[in-house]
Amino acid sequence: MSEKEFYILGLCGSLRRNSYNMSLLKAASELLPQKVYMEIFSELEEIPLYNEDLRVSEEPEPVRRLKEALSKCNALLIATPEYNACIPAALKNAIDWAGAVHHENPLKGKAVGIMGATPGPYGTVRAQLSLRQILYSTQSLVMLKPELFVSNVSMCFDEQRNLVNKAVRDQLHNFILSLLLWSRKAALLSS
Ligand SMILES: Cc1cc2nc3c(=O)[nH]c(=O)nc-3n(C[C@H](O)[C@H](O)[C@H](O)COP(=O)(O)O)c2cc1C
């Protein structure tokens, strides 16, 4: 890493208060190397359903703030639940807003890491594949490997939502370090 600070924007696809995916993002924020910091976008719920008329008349403030954060960050880290084998509508909606205007799409060329957690057995594999397809359209540079699929998530965190499963913790740490390396390559590709 250079001496410059490195900024990761965290985006959680779940709106619920006790989201495991939010817990996963928070666990990631505790595993960052020096000079790397993470901010988690907190206004997903405030973003209205995409409507071209709304965008043309006046871009909603939460959308403006999302786009600004996306423009500034060195990497985007998405933690997504799986809803009916896909990503939650709120996450898809935010991505649609961010990439709606082609020439000011902050997702274009952006390094992105995707991870997900579920109480079920398949670790959000299907949601993550859908998300990769969507981010292909926004021309984002999604990290290929490693992938992070957290299954049976209720057994990975304690009641205070500390990530107590050592294997998952190690995977998450490796995932973050890989994302930092990937972001450097992505920056070269997009320059
Ligand atoms: C509408 C709906 C559909 C769901 N579909 C899936 C699914 O396809 N696969 C899966 O693993 N879990 C599914 N779940 C369970 C979620 O993985 C679970 O609620 C999870 O805790 C949500 O993530 P969160 O804890 O970050 O909110 C679904 C939940 C809801 C509400």
Side-chain angles (χ1 to χ4, degrees), residues 8-32 37-51 62-63 65-66 69-70 73 75-99 107 110-138 140 142-176 178-179:
I8 299 177
L9 180 68
L11 185 59
C12 176
S14 174
L15 303 180
R16 80 183 182 97
R17 207 174 316 116
N18 286 323
S19 159
Y20 283 115
N21 284 281
M22 183 58 90
S23 300
L24 191 63
L25 268 184
K26 287 182 178 162
S29 73
E30 289 163 10
L31 295 171
L32 302 176
Y37 71 102
M38 185 191 294
E39 271 173 13
I40 299 179
F41 185 73
S42 60
E43 294 179 87
L44 193 66
E45 198 170 4
E46 322 306 327
I47 295 182
L49 283 178
Y50 184 79
N51 180 334
V63 173
R65 284 194 284 274
L66 173 66
L70 283 169
C73 72
L76 172 65
L77 176 58
I78 301 178
T80 185
E82 181 170 280
Y83 283 0
N84 293 317
C86 199
I87 62 167
L91 178 58
K92 173 67 163 58
N93 184 51
I95 294 171
D96 289 345
W97 269 110
L107 286 165
K110 186 65 64 182
V112 183
I114 296 174
M115 58 186 187
T118 171
Y122 303 121
T124 71
V125 171
R126 297 167 300 181
Q128 290 195 35
L129 284 175
S130 300
L131 186 51
R132 281 179 188 274
Q133 186 179 349
I134 293 161
L135 293 170
Y136 164 80
S137 184
T138 57
S140 308
V142 181
M143 182 168 68
L144 300 173
K145 296 274 181 181
E147 296 165 289
L148 186 52
F149 306 114
V150 183
S151 51
N152 305 311
V153 66
S154 55
M155 296 195 287
C156 298
F157 288 90
D158 67 14
E159 282 184 6
Q160 287 72 45
R161 289 302 173 94
N162 300 302
L163 181 53
V164 289
N165 182 310
K166 184 176 179 320
V168 173
R169 202 178 166 78
D170 289 348
Q171 280 181 57
L172 181 59
H173 192 208
N174 180 47
F175 188 87
I176 295 292
S178 301
L179 181 60

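Note that ligands are numbered from 1 as they come in the structure, with each ligand's atoms numbered from 1 the same way. As the structure is a computational prediction, the values presented were derived from the model and not from experiment.
- Using a 4.0 Å heavy-atom criterion, the residues that approach ligand 1 are Ser14, Arg16, Ser19, Tyr20, Asn21, Pro81, Glu82, Tyr83, Asn84, Ala85, Thr118, Pro119, Arg126.
- Under the salt bridge (Lys or Arg N to Asp or Glu O under 4.0 Å) criterion, Glu39 pairs with no residue, sequence neighbours left out.
- One N or O on the side chain of Glu82 and one on the backbone of Ala127 form a donor-acceptor pair closer than 3.5 Å.
- The backbone N or O of Val168 sits less than 3.5 Å from a side-chain atom of Asn165, completing a donor-acceptor pair.
- In this structure a side-chain-to-backbone donor-acceptor pair under 3.5 Å is present from Ser140 to Leu107.
- Judged by distance alone, the side chain of Asn21 and the main-chain N or O of Cys12 form no donor-acceptor pair under 3.5 Å.
- A donor-acceptor pair is defined here as one N or O able to donate and one able to accept, closer than 3.5 Å; no such pair exists between the side chain of Arg169 and the backbone of Leu31.
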